[in-house]
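Values below: every heavy atom of this structure, side chains too, minus hydrogens, waters and symmetry copies. This one's a predicted model, so the numbers in the text were calculated from it and none came from an experiment. Letters A, B, ... mirror the listed sequences (proteins, then strands); counts begin at 1.
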There are 2 protein chains.
Amino acid sequence: MPDGAVKTEKKPVKKPVKKKDKYRQRQTEVIDAAAAVFAKKGYHGASTGDIAALLGIAQSSLYYYFKSKDEALEKVCLHGIKGYVERLQAIVAGDGSAEDKIRGAIHNHIEPVIFIPDYFRTFVGELRYLPENRRQKLNNMIAEYNALFEQILVDGIAEKTFTGSLDSHSTMLMLIAQCNTVPFWFGQFEQYSPAQLADMLADNFLQGALWRPN
Amino acid sequence: MPDGAVKTEKKPVKKPVKKKDKYRQRQTEVIDAAAAVFAKKGYHGASTGDIAALLGIAQSSLYYYFKSKDEALEKVCLHGIKGYVERLQAIVAGDGSAEDKIRGAIHNHIEPVIFIPDYFRTFVGELRYLPENRRQKLNNMIAEYNALFEQILVDGIAEKTFTGSLDSHSTMLMLIAQCNTVPFWFGQFEQYSPAQLADMLADNFLQGALWRPN
DNA sequence: TTATTTTTCGATAGACCTATTGAAAAATAA
DNA sequence: TTATTTTTCAATAGGTCTATCGAAAAATAA
């Protein structure tokens, strides 16, 4: 600005939303690809070049959508767990029986596992590779989720709907651990719908996978 | 050999065993360290430098005991599954009831998981990173193991000891998957012995982790 | 059209990692 | 002791990977 001209102050008043939406849509595609590659090769086994290749773009282009590989993993994990806590809160606050609630909780846990397996497998298997600072937030969400889950068991035991050989905390951990294994083997059960799978797991816990008929 | 002296043909007749034993003992320490590092950081997240650091030796020294990182992973996995098939064969061939056998199989599966957790975690979590050629042998062992496990369920259903909502193949896969999760959370259950843990898991399957008292 | 912004790209530095090599050190045998 | 074997080492070649940079291309606005 060699002369005294004042920069025109015409701010763009319209359509910033549309532009940001487009960016976010592309970013979602990028994170989808990251989830797929992380799930398949593991976080450390996956390179940013692998992610770019899946998208058909240059490796360096990825950094327009995230600023480090760590951040990509964080985004995948956050998306993997998104909505879990809120849905479980609604179930716990509902007025069904304890058995209804535990069945609802298992459905809540398993169905997204099946609909977004890449996100969930990454969340379950690769979260531990997130640096401590990024992992904090996710750990808090997990702690809250686990507490809600355990609350259902505590309530069910208190009102004598359930009896168990284990304490509620141990049972909660084992139950969630079993649900978390689902994306690693459900591919072998294509004859079952997600809801059926969830029902079967719930049955496993409520009455056993095997039982004596008499 | 400037003059015509013939090289003395005195082969060492004694103590080659001792020497080899010493080498093997050190090799076991090296593979132990590899198992610990693989279990903690994952195969791709672990470097040979990490393993050497744990042993307090130079990174290049490791290659006196294995000739590639892949081979180290293979050795860890083989040791992790060692004895599993043989013990399960003995259980299946025994003359206990189907319930005894399924309990025995769960004990067989879980106790080593707890005694050698680094090996087992590596076996469960990192086997998939073994190159195809090295994985073949292990896959065969797994297939044999799974078939034995399923045989117990098939027999129990045939003789009406068990009834289940799932087919025996699906049940086998889910049961093994649950057993495999043990090393990832059993640290939280230090009040229980391995045998108790195995009993509790068996109870989970036979009668449910939760059941209605009436 | 031209100007501006958004998106993608090629090139690359800097770091890390595996595996090899020949030699040094340590252990053992003679 | 000296000779031989076993074990460890430092140095490093050759490769891959992450993240950065300025420029090119594409999309959008004027």
Could you give the CG-to-C1' distance, from B:L62 to C:dC17, as a whole number of Å? 13 Å

Pairing string of DNA chain C (Watson-Crick or G-U wobble, both atom distances under 3.5 Å; | = paired to other strand) is ||||||||||||||||||||||||||||||

Send over the distance from B:D70 CG to C:dT18 P, rounded to a whole Å. 11 Å

How close or far is atom C1' of C:dT6 from atom CZ of A:R26, stated in whole angstroms? 13 Å

Donor-acceptor contacts under 3.5 Å from residues 48-59 of chain B side chains, at least two apart:
from, atom 1, to, atom 2, distance (Å)
B:T48, OG1, B:Q59, NE2, 3.1
B:D50, OD2, B:K41, NZ, 3.4
B:D50, OD2, B:S47, N, 3.0
B:D50, OD2, B:S47, OG, 3.3

Pair B:F120 and B:F115, ring centroids less than 6.0 Å apart: no

Let's see if you can work this out: which of D:dT18, D:dT7, C:dT20 has an atom nearest to the side-chain heavy atoms of B:Y63? C:dT20

Counting side-chain heavy atoms from C-beta on, which of C:dT28, D:dC9, C:dT8 comes nearest to B:K22? C:dT28

Donor-acceptor side-chain pairing of B:D155 and B:Q151 below 3.5 angstrom: yes

Would you mind checking if A:D203 and A:R103 are paired as a salt bridge, meaning a charged N to carboxylate O distance below 4.0 Å? yes

What one should report as the nearest heavy-atom pair of B:I106 and B:C179 is CG2-SG, 4.3 Å

Can you tell me which residue pairs pass the side chain to side chain donor-acceptor pair (under 3.5 Å) test with a partner in residues 123-133 of chain B, sequence neighbours excluded? B:E132-B:R135

Nucleic acid contacts - residues 44-60 of chain A versus DNA chain C, non-hydrogen atoms under 4.0 Å: A:I57, A:A58, A:S60

Got a sec, which residues hit salt bridge (charged side-chain N to carboxylate O under 4.0 Å, His left out) with A:E144, two or more places apart in sequence or on another chain? none

What is the distance, to the nearest angstrom, from the CD atom on B:E71 to the C1' atom on C:dT18? 14 Å

Roughly, in whole Å, what's the span from OH in A:Y23 to C1' in C:dT8? 13 Å

Measure up the A:Y145 and A:H109 rings against each other and bin them: parallel (under 30°), tilted (30 to 60°), perpendicular (over 60°). tilted

Could you check whether B:Y65 gets within reach of a base, just the sugar-phosphate, or nothing at all, counting any heavy atom under 4.0 Å? sugar-phosphate

Please list, chain by chain and in numerical order, all residues satisfying side-chain contact (heavy atoms from CB on, under 4.5 Å) with B:P117, sequence neighbours excluded. B:F186

Whole Å only: how far is the CD atom of A:Q25 from the P atom of C:dT6? 17 Å

Measuring from the side chain of A:Y64 (C-beta onward, heavy atoms only), which nucleotide among C:dT8, C:dT18, D:dT18 has the closest atom? C:dT8

Grab the CZ-P distance between B:F66 and D:dT7 for me, whole Å please. 16 Å

To the nearest angstrom, the CG-C1' distance between B:D21 and D:dT6 comes to 15 Å

